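Worksheet: one structure, shown below.
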Amino acid sequence: MYRVSVKRHFDAAHGLRGYGGKCENLHGHRWEVVACVERQVLDEVGIAFDFAVLKRELDGVLASFDHHNLNETPPFDEINPSSENIARVIFRELEQRLPEAGLKYIEAWESPDAWATYSPD
């Protein structure tokens, strides 16, 4: 089994509605996002999945969040922009762009020591 991962980032503000603490206030993060695909075999070149393709498509997903207030950006205008929800939304959008990739999980890091991972299994 091969796992291929890339890390990209976006900068955005958010506030956690109903949180009841300081994170309910609008604040910003440099979100680090890790996307991992899993493949059983290598192609004829010896590659499980092309890093460049994974980076390009992940960048395409993240572009709609970069330098935005997530609370005003769909779908986070209706669901809380928690790390968990951000990871799930990115997973679903990237999976639509790369249905054949074998996307395994997304990690959404809001700081160097705090992150959430979403995997559908």
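We number each residue from 1, following the sequence as shown. Just so it is clear, the structure is predicted and the values come from calculations on it, not from any experiment.
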If you compare all heavy atoms of [X] against all heavy atoms of [Y], which two are closest, and at what distance to 0.1 Å?
X: Glu24; Y: Gly18; value: OE2-N, 3.3 Å
X: Ser64; Y: Thr73; value: O-CG2, 3.6 Å
X: Asp77; Y: Pro74; value: OD1-CA, 3.3 Å
X: Ile86; Y: Ala108; value: CG2-CB, 4.1 Å
X: Glu110; Y: Ser83; value: OE1-OG, 3.1 Å

Enumerate the residue pairs fulfilling salt bridge (charged side-chain N to carboxylate O under 4.0 Å, His left out) with a member in residues 47-61, sequence neighbours excluded, ordered by first and then second residue.
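Residue pairs with at least one partner in residues 47-61: Arg8-Asp59, Glu57-Arg97.
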To the nearest 0.5 Å, what is the distance between [atom1] on [X] and [atom2] on [Y]?
X: Cys36; Y: Tyr2; atom1: SG; atom2: OH; answer: 14.5 Å
X: Phe65; Y: Ile90; atom1: CZ; atom2: CD1; answer: 5.5 Å
X: Asn25; Y: Tyr19; atom1: CG; atom2: OH; answer: 11.0 Å
X: Lys22; Y: Leu16; atom1: NZ; atom2: CG; answer: 12.0 Å

Under the salt bridge (charged side-chain N to carboxylate O under 4.0 Å, His left out) test, residues paired with [X] that sit two or more places apart:
X: Glu107; answer: none
X: Glu38; answer: Arg3, Lys104
X: Arg92; answer: none
X: Asp66; answer: none

Any side-chain heavy-atom pair from [X] and [Y] closer than 4.5 angstrom?
X: Leu70; Y: Trp31; answer: yes
X: Val6; Y: Val34; answer: no
X: Leu98; Y: Leu54; answer: yes
X: Val4; Y: Phe51; answer: yes
X: Leu42; Y: Ile47; answer: no
X: Val89; Y: Ile106; answer: no
X: Tyr105; Y: Thr117; answer: yes
X: His9; Y: Asp11; answer: yes

Closer than 3.5 angstrom, by distance alone: can the side chain of Asn85 be matched with the main-chain N or O of Asn80 as a donor-acceptor pair?
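Confirmed, Asn85 side chain pairs with Asn80 backbone.
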In chain order, what residues pass the ring-ring contact (aromatic ring centres under 6.0 Å, His included) check against Phe91, with sequence neighbours excluded?
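Expected list: Tyr118.
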Taking the inter-plane angle between the rings of His29 and His14 on a 0 to 90° scale, is it parallel (under 30°), tilted (30 to 60°) or perpendicular (over 60°)?
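The rings of His29 and His14 stand perpendicular, inter-plane angle above 60°.
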If you count every heavy atom of other residues, nucleotides or ligands that lies below 6.0 Å from Glu78 atom CD, does the total exceed 12?
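No.
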